Structures are given as structure tokens and as C-alpha cells.
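Beneath this line is the structure, given in C-alpha cells, with notes to follow.
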Amino acid sequence: ANRGGKQKKGNVTSEQEEEEQPLQAVLVADSFNRRFFPISKDQPRALLPLGNVAMIDYTLEFLTSTGVQETFVFCCWMSNKIKDHLLKSKWCRPTSPNVVHIITSDLYRSLGDVLRDVDAKNLVRNDFILVYGDVVSNIDVSQALQEHRHRRKVDKNISVMTMVFKESSPGHKSRCEEDDVIVAMDSKSKRVLHYQKTQGLKKLQFPMNIFQHGSDEFEIRHDLLDCHISICSPQVAELFTDNFDYQTRNDFVRGILVNEEILGNQIHLYVTQDGYGARVSNLQMYDSVSSDMVRRWVYPLTPEANFTDQQGQGCTHSRHNVYRGAEVSLGHGSQMEENVLIGRDTSIGANCHISNSVIGNNCTIGDNVVLDRAHMWNNVHISSNVEIHQSVVCDGAVVKEAVRLNKQCVLAYNVVIGPNLSLPEGTVVSMHHPEEEEEDDDDEFLSDDQEVGHTFNPAEVGPEGKGYIWKASMNDTEDEELAQCLWGRPLSKQNVCKVVSFQLEVLGTLQRGLEENIVCDNLVLEINSLKYAYNITLKEVMQILTRVVLEYPFQQQGTQLTTLQYTGSLLPLLKTWSPVFKNYIKRAQDHLDCLSAVEELFLEQDTHQTAMVKVLMKMYQLEILEEEAILKWFSTGATNDKSRQLRKNQGLQKFIQWLKEAEDESSEEGE
Amino acid sequence: MELQAVLMAAGGGSRMMDLTYNTPKPLLPVGNKPLIWYPLNLLERVGFEEVIVITTKEVQKMISTDPKVKLDVKMKLDLVCIQEDADMGTADALRHIQQKVKTDVLVVSCDLITDAALHEVVDLFRAHNATLSMLMSKAHEFTETVPGQKGKKKTGEQRDFVGVDGTGKRLLFMANEADLDEGVVIRKSIMRKHPRMHIKTGLVDAHLYCLKKSVVDFLADNKSISSIRGELVPYLVRKQFSKSTNSPKVIDETHQNLKKNDSNVNLEIQISSRDEELLHLTQERSCWNDHRGDMSDAYHGGRLRCYVHIMDEGICYRVNTLAAYIEANRLAPKLFDEPAVHPSAVVSERCLIGADSIIGASCQISDKTSIKRSTIGVSTTVREKVKVTNSIIMHGVTIEEGCNIQGSVICSNAVIGRGADIKYCLVGSAQRIEPDALPFETLLRPPCLRSTLTPTSTHRSTHTQCLFKQLNRNNTCLC
């Protein structure tokens, strides 16, 4: 700190400024995705009730309690509703310690747009907290904030962001596969070296350059839950402006880490052990966060605390975590077992069984109803003899007599179901027809339109039902995928599928070629067109082709072939298809790729390893493979124990020996 | 008997050829004791009564005949010789003595000097019914200047990456930088089981392993593995998470395959032991678990487990380079309580001997001599007005009057002529340095004297340096 007098003075003033300046936060009240469709067609995600309180209220309460004095709320989708909600809430009262500015624009399409706007409007002057409007947390980030500021002071603004994580092991129910991340960090400086989403990955790869930072201890952590709370320097907004292709925080983090050496910016992390922080990113998370809330993990944000300070929201807390609002009536013989929250003016009939559920305001529930892990919002009407398991029932929905909702069902706004119906697992019912135009946002208009255009299917929603099965969309595959993963199931593994289906196609092509005696040139044409259709690289084509051909006998005659039978049926095939091979195997690298594909296959089929020599021999004789390539492959290609073992195969060694001798002879002849 | 100790003492010391040219590595004097004494003493201290020593004929002969090599241990030594020229690795050696192995084994390398608490390693082995447990230590920086080595440290050395779990005990990952072209690749399933992995570099493997007997049997069946450190340990570490070792069904299948096909190379380790069933039952009935966070069984049902004990402090050296040899000599006096000056040494009263020096048996130290931070070997004669600092003088060396020796290593039976001035040199065994031969004060970096002809790069560089300085006229540089 002993610098020149001038600088010292400057430092002092900036420190004073720091202290004087209020802590700011940027709250993004839009998810910029459609994970909550069709629910979020009628209500923005930030306003969906969780424990009978809108999610954005949790976020604002978290920010206020952590010391934020000025919050900018950015809204895009249904911004009017959010604005109305906030204006009515305690945050816009003159006594609020946290001044909330609402900024709306229809032009925001991503987090990047929001932060670019922050930069353009010059809203933040200092380090700020960046959160989404669907984060529920009680973490005290002041410690993280202190660490962040300290780092920035010491390292002259190198650290631009501190991400807040919560420790929770894999398999913990507040983690969903979709949001799983793997983080490589420097143990001492807590610097993030590598950050990756792990969904759909089997192997996690860490480039070597991240281990070359002079430190000798690194940590790879898979036990972190991303709270989606980040402490950002004002530079973050500038960086988003500079890099107009950054859309999400993920883009940003990856960009910073990759360009670390060029830009010199770093990202750090802060791990909390005892706080609670999670983002409601899909319905699975909604389910677990809601139950955590009722089980008081987010203390002091509990249902009976009525932190939103609204009249009539108060409720009582009795043992087994049963909460009751005002004017709740409970019929004779009904049981509220545990972890139940019931809103005001709700009446429940006789002999009901309710556990682990949240019921909103003004609901009516009939007799003999079983609710387990049900999330019912306001003004829901449930008739008698209904059973609901792990499902979400939105405002105004009506469930008629003897309906059963199996796991992971969703009844969106104003849907009517039943009577006498059992909805299969994962059904999503909405008043919006899946085919309806996306631009039509207006509710009233839509419902008119529906009655004209479509009719409800009684087989789907029951004889008196109103609504459409959402996922049964006919043409829009994207929507279908989204509907299926509304509950947070993994997306289909597209890349793997691509290769597998390409392999099947190649197999089909070859099969047909054999049956119909198609000329090899045409086979090549066909495979080439498949290559473009599936967007496969040439290398992959060759590997897959090799694999398909070598597996062909197994494919046709089953896997119980003896080695002799196998070679017997394979060798003629190789001869037939040798022009196809020759077409793809031209450069030296192609030869090696092909050989490694052969090797890979025989490593898998280890009982047939003796056949490998014969295959190689045949391929050599057919001039598919050159001897130099084989020799090179033999001498250098061994990368692991198994392949080294493979090379010790006697037959193979003899073959190589023979090749070498043949080479010597031919070179002698040449001389 | 719970553990059998096996000492590997057949290595040639290929990384310090200058020293091992005449003396085999196990018998190099460190603090006036042969190197092999240190691991033997380590084993004796913890109560081993018998040890199998795998070594070469040469070493065996010297141990039994050479009076200067006094092992000074009460344990029963079972010397097993292997052929020197057979190029056997440590795993080969273990396979060689398979018949003698009746229980689990503790394998120690002869170049290990440590004050580690051995029970830490063995306790890990016992507590977790581990297949392998090993010892590692934080790497030490060598501070002393090394003769014949230019620059402070060889940069660009390949690091070992060692991955341990959150407790720092379970060994999850092991690879050398050289094999990591594509970066560190870890399967997600491993991360799910052990969500917090510490990747450490800068560790020294002490080459001390507890191994299950089944591993030795596995080696006997699987002849392609020749080195414990290079092949067996990485194999076992990887195998911990392979599916086939963890589900008993698959093991049966592979074994059937094996019977059918003897040439099959994919041998599996049989991990089950006699008490396996009982252990399994205890595990089932107890509520103990090795991890938190999820609800799966202890060890996630895995049957093969590798552990490592990483020393935070204390001494742990592997004497396999010249630098390590010098460092070990400097530290050796701290390891045992023996008088610095051997009772049988004849030391003149008018000489100065620093407290951190060791004088061997039957030495003769004359007047006006000063010895600081040095080791003087057995039967060495030091004449008047000699100054020895920071040096290692082996057995039977004669140092004539007025010599000045600094930061050097003088091997056995060398003779240093009158008034020689030697700084940072390595003098090979039985070499003669002519009197007044070396006006070395002018040299800034004179690592020059070498006796052995080893075609190493350091050799070549020193050679050119010698030519440059025109020291060849004395015919002492034998580059």
C-alpha cells in the first residue's frame, strides 16, 4: 500500500467511495427459455408461486438480506405482470431498504442482451450481484463479496467474477442432471480453471494447459450445486458488450477461461457449506426446492414468516411441518401427515390423506382425496376420490371425480380433467393447443380461437375435460422435447444418436448392396450422401465403415460364431467390398485410422483376436492397406496395456515379421 | 504373520552412473552406512524379523565378504539373487519370488530413506481391506549445488498427476504428464462416486507398497507387467472402477473365458480372499460407510481399492540421482543417534570438526584440518591443513596436505594430491589427482572431474567445458 502520495490519495478516495456506494444487484426476471411452457405461457416464471409466494419475492428477499440497496429488475416476457406484482409488493413501498428499479424491454433475448443494456445505460458503478428471478437462497454472500473485493484490490482487477456454489454431493435431490457441472479449480487461490456442464458426457476431459499455472494442487469438483448467484465486477457488463456473441453466463465463463491468457481475466468461486441456494430451472427443481422450503432448509425464509408482508398470508406452523393459513377447514378424518402447507380459505373434505404437499389459497378439496408431493396453486378445485402424486396443478384447474394423476403430471391454468380418468406419468395438459401460433400471447383471444379451431379430446382429458395434451404436438419436435424435459429429464444424446443411426444406415446399405448385387461405386455414392445427411466426418465414416464390415458376420449369424466361422464368412465380404474401402482409404492417416478401428473392434471382441491377423492379411492382399501403414501402426499405435497385449499375439507378430522380410526383399530387388 | 517384507535391491542406479560405476547402488555409503541399511532399519524398527532381499550376485558377494559393508541388522535376511543382465523389472522380481510369498507383502525399494511412520500405510491397508496402499511424500527441493550439473534445476521434467479423494487417502487417478496428450480424462462415474478429487503434482513416490497376495498371484499369471510403479500400480488404480471387477457375475464369465482360451491376455485379478464372505456380511450389517452424500453401499460396492498415504512433513528421499544422494548425506546424521566421530577414528586435537559432520571408523585426521558439513568415510586419511566443506568423502580416500575440497563427492580409494583445490567436483573411485594440479579458483563453474565414461549429455557439456578451460594438460580430466 506504500505507493506515491498521489496514488495513495486516490486509493483513499476510492475506498471511501466503495464504502459509500450502495451494493447493487441485477435481477434477471426472465429465463430466456421455454422450459416451463406451457405454464409460463400464462404467467412468467418469476411469478410462479413456490410455497404460495412468487419466486421473485424470494430472490428479492435474499438480495435485501445480504445487504443489497439497489436492484435493477430486468423483464421481458410478460413484463407488465411482473411490474404490477412488484409495484404492489413491499419492495416498492417508500420504507423498502432495497430500491427496486424495473427496466422492461421486449428486445432482450438473452442474459447477454441484459448485461449489454446494463453497460449501455451505465447502471452499475461497482461490484454487483447477478441473479435470476427464480433463485431461492439464504446464503449470506457478504463473505464472498469481501473475498471478491480483496482479490480485486490485490490483483488489480484481474478477477472479474466470483461464482457462488453450494456443496452438495451428486445424487442429492436438489441437483438435477441438467444443471450438473464439473469445476476444476486451483486449491489455493480458488480460481476456476475449467467449468463444464456434464449432462450427456461420459468422460470428462480437462486440457493440460489448465494444470500449468505453477500450482501443484488442483481440485476437480463434482459436488457443487450452481446457485446461479454471481458477484460481478463492472467489467463483466463491458465484456458482454465487447463480445456480442456471449449470450449466457456459460458463454461468458467459457470465453473468459479460454481467453484467460489473452485478456488476463480470471474467475473465482466461493463455496458455501451451510447456506441454501438453488435455481428453479425446471419442474424437478421446483419440486425439490418447494419441499426444501416446507422442510425449513431455507430458514429464515419459511412459509409462516410472511416475509412478503402481505395481509392474510400469515399461517401457523405446527409439528411435522404442517402449516395452515387463515380460515382453513379440515373435514372429519382427514390427515395432514407431514410437510404440508395449506393456504388461506381452503377447505378440505373428509378422510383425506395429505403429505409433502403445498396447497394454495381458495382451494376446495373433496372427500377421500390422496395428495402426495402435490403442488396445487390457487383456486384449484379437487373433487372427491382423487389421487395426485408428484404433480403440479396450476391456478383455476378443476379435477373431477375419481381422477388419478400419476407422477410428473402438469395441469396448466384453467384445465378441467375427468371424471374417471387416470393420467399416465408425465402428462402435461394445457388450455393452449400445441399447434397454436407462438406469437399469440393474448389469452382471451386464444381461448376464443381454440373453441373455433380445435375440440377437446375426451379420451385424453375425460368426458367433461377441457384442455389439450401438450406434448402430443404433431409437427414441432422441439416442443415435444421440451415438454418431455419439463421435469428435468436429460435431453436426448443427439451426437451419439447421430453416429449410431449413421452406422445402422451404412449397415443397411451394405446389406442391400449384397442382396441386390449393387455395384460398389453406387454403394460409395450412397454412403457419401449419408455422410452429408448425418454430418459425419470422413474419419468417422471410415471407422464406422470398418466396424460395420467387421461386425457383419456377427450381425448376420449371431455372436456365438467360432473364430473359424467368423473369418470364413468375413474374408469373401472383404473382397467384395474392397473398392468401397479403397475409395475412403487414401492418405497415410486414413490407413492408420482404419487400422485403429480394426484394433478397437478386436479389442472388444477379444475372443476372436486370432482372426485379426487373417483380416489384416486379407486387407493387405487386397491392397486396401499398405505395409508401411501396418508396420507403423504396429510399432507406434499402442496406447494402452490392452493394445500392447494385442500386439504380442503370436500370429500378428509372425505377420509383421513376414511383412518386414517382404519389404527387405522388395527393396533388395529394387536395388 | 500378517505381512512379508520384500526389499528390492537389484536396481543398477542408472540415473547416477557416476557413483554406481564401481559400487552397486544398494551399497553406496550414505552417512557412512550402505544405502540398503536405511530401508532394512526402517523395517526392523517396526518389528519385522525376516525380510526377503532381491538383489544381484555382486551385491550378495560384497555383503558377505566385504568387511566395510556391515549391515548391522538383526533381522534374518533371505537373499534372492536375480540375473543382472536379464533386465528384470520390479514386478518381474516379485513374480520371481512368488513361491516364497505366503501372505500379503510390503515391498520396499532399497533407495528409500525416510522417517515415515510405516503403520500409517499399513493401517490404510488393514482398515479398508485394500488391494494396494502406498506411500508418497511432498517433493523436496534440492538445495545443494550438484557437481556436473549446469543450472539449478532441470526444467520441463514430466510431472506425475496423482488424484486422491476428499479425504486424501483413496487413490483415484494416476498418470504421467507424458501420457496425457489429450488432457486429463476422468470418467463421470468416478466423479459421481468421489465428487471431490484433489489432483496433486509435485509428489514423490516412495516406492513402498503394501500389496495383497492375490496381486502377486495375478502377476504370476500376467507376465506382460514388468514394473510395479510403471505398470502394475496404474493398472490397479484404473481397475478400481472397471465394471468387471465390481460385479461378481462378470468375473465368473471372464474366468470361464479364460479357461476356454488360455492365450487370452485379459486376465482379471481375483480379489476375493478367504474371509471375503465374512467381511461382506459385516459390511452389510454395519451402518459404517466410507463416504457421505449418497445412499449407496460402502465403497460403492467396489472390491478393489487403492490407497495412498501422503506425508506432509518428515524426511522422505529416494536416492536415485546424484542430487538426492548429496541431499541424503546431508540429512543422514539427523536420522540416527550415533556419535559423529567414530570411536576408532584417530582425530588430532588441533583440528576443527563441525557438529554436522560424520567421521567414519579408523579414519586419520591430522592437524590444522577443518571439516564442515561433510561425511568422511571409513579408513580415510586426511593430512595437515586440509579444508573440507559440504563434501562427501567415501571409503579409503587419501587427502594430502593443504587440499581444499568444497561441495564435491570423492569416491572410494581416490587419492587427492598435495595442495589440490577442488570445488563442486565428482572424483571417481581410485582416481589420482596430481599434486598442485588444479588451480581451480579461477573457475566459476568447474564441474569437471569425472572418472567414468558415461555418454550422458551432462558429460558432453562438461567435456567441452574442460577443453575450453584447457585442463586436459594435467591429464586428470577423464572425460
Side-chain angles (χ1 to χ4, degrees), chain A residues 167-173 175 177 180-187 193-194 196 198-225 271 563 603-604 606-610 639-651, chain B residues 138-139 159-166 168 172-173 175 177-203 222-225 230-232 234-235 238-239 254 256-258 260-261 263-267 291-296 310:
Chain A
E167 207 168 83
S168 81
S169 352
H172 189 275
K173 69 184 172 68
R175 286 179 60 150
E177 184 165 9
D180 269 359
V181 290
I182 189 116
V183 180
M185 62 183 258
D186 187 320
S187 302
L193 304 171
H194 187 81
Q196 196 176 19
T198 61
Q199 192 189 17
L201 294 174
K202 271 199 158 163
K203 284 187 171 167
L204 307 165
Q205 204 161 15
F206 303 92
M208 281 315 275
N209 62 320
I210 66 169
F211 299 109
Q212 259 130 20
H213 289 288
S215 170
D216 59 357
E217 205 176 323
F218 307 95
E219 241 176 282
I220 296 177
R221 300 192 66 163
H222 193 46
D223 60 341
L224 298 178
L225 174 73
V271 179
T563 310
L603 282 177
E604 280 169 30
D606 44 15
T607 46
H608 294 290
Q609 275 178 4
T610 39
T639 46
N640 52 28
D641 286 350
K642 276 193 175 169
S643 56
R644 242 169 263 140
Q645 288 282 1
L646 183 76
R647 281 169 177 65
K648 286 185 182 153
N649 184 319
Q650 274 203 340
Chain B
K138 291 230 165 76
R159 297 175 295 172
D160 270 325
F161 283 71
V162 176
V164 291
D165 72 349
L172 304 174
F173 178 81
E177 202 168 10
D179 302 326
L180 297 172
D181 300 332
E182 291 171 11
V184 175
V185 180
I186 295 165
R187 268 190 291 140
K188 193 162 91 179
S189 55
I190 300 179
M191 290 312 297
R192 286 190 146 273
K193 289 174 192 161
H194 305 278
R196 196 167 175 182
M197 188 189 287
H198 296 264
I199 301 263
K200 302 189 181 204
T201 62
L203 291 182
N222 213 334
K223 299 212 163 46
S224 65
I225 293 179
E231 291 159 81
L232 180 67
Y235 176 82
R238 270 201 315 275
K239 267 286 167 210
T254 48
Q256 278 167 6
N257 281 348
L258 286 183
K260 276 187 224 158
N261 196 344
S263 66
N264 195 320
V265 284
N266 191 16
L267 286 165
H291 63 270
R292 316 170 36 186
D294 60 23
M295 302 295 283
S296 60
I310 299 174

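Values in this document were obtained by computation on a predicted structure and should not be read as measured data. Each chain gets a letter, A, B and so on, in the order the sequences are listed, and its residues count up from 1.
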Item to complete: Kindly write out the residues that satisfy side-chain contact (heavy atoms from CB on, under 4.5 Å) with B:Glu182, not counting sequence neighbours, or none if the list is empty.
Response: A:Gln205
Worksheet entry | A:Ser168 versus chain B, the contacting section by heavy-atom distance below 4.5 Å | neither
Item to complete: Return yes when atom NZ of A:Lys203 has more than 12 non-hydrogen atoms of other residues, nucleotides or ligands closer than 6.0 Å, and no otherwise.
Response: no
Worksheet entry | Side chain to side chain, A:Arg221 and B:Arg196, heavy atoms closer than 4.5 Å | yes
Fill in: Contact winner vs chain A - B:Lys200, B:Glu231, B:His198, heavy-atom pairs under 4.5 Å
B:His198
Discussion item. Among B:Val184, B:Thr201, B:Val185, which residue has the highest count of heavy-atom pairs closer than 4.5 Å to chain A?
Written reply: B:Val184
Worksheet entry | A:Asn209, part contacting chain B, at a heavy-atom distance under 4.5 Å | neither
Discussion item. Using heavy-atom distances under 4.5 Å, tell me whether A:Ile182 contacts chain B through its side chain, its backbone, both, or neither.
Written reply: side chain
Discussion item. To the nearest 0.5 Å, what is the distance between CD1 on B:Ile190 and CZ on B:Arg238?
Written reply: 10.5 Å
Worksheet item: Looking at A:Leu204, A:Leu603, A:Leu224, A:Asp223, which one has more heavy-atom pairs under 4.5 Å with chain B than the rest?
Response: A:Leu204
Item to complete: Only counting residues at least two apart or in another chain, list the ones meeting ring-ring contact (aromatic ring centres under 6.0 Å, His included) with A:Phe218.
Response: A:Phe211
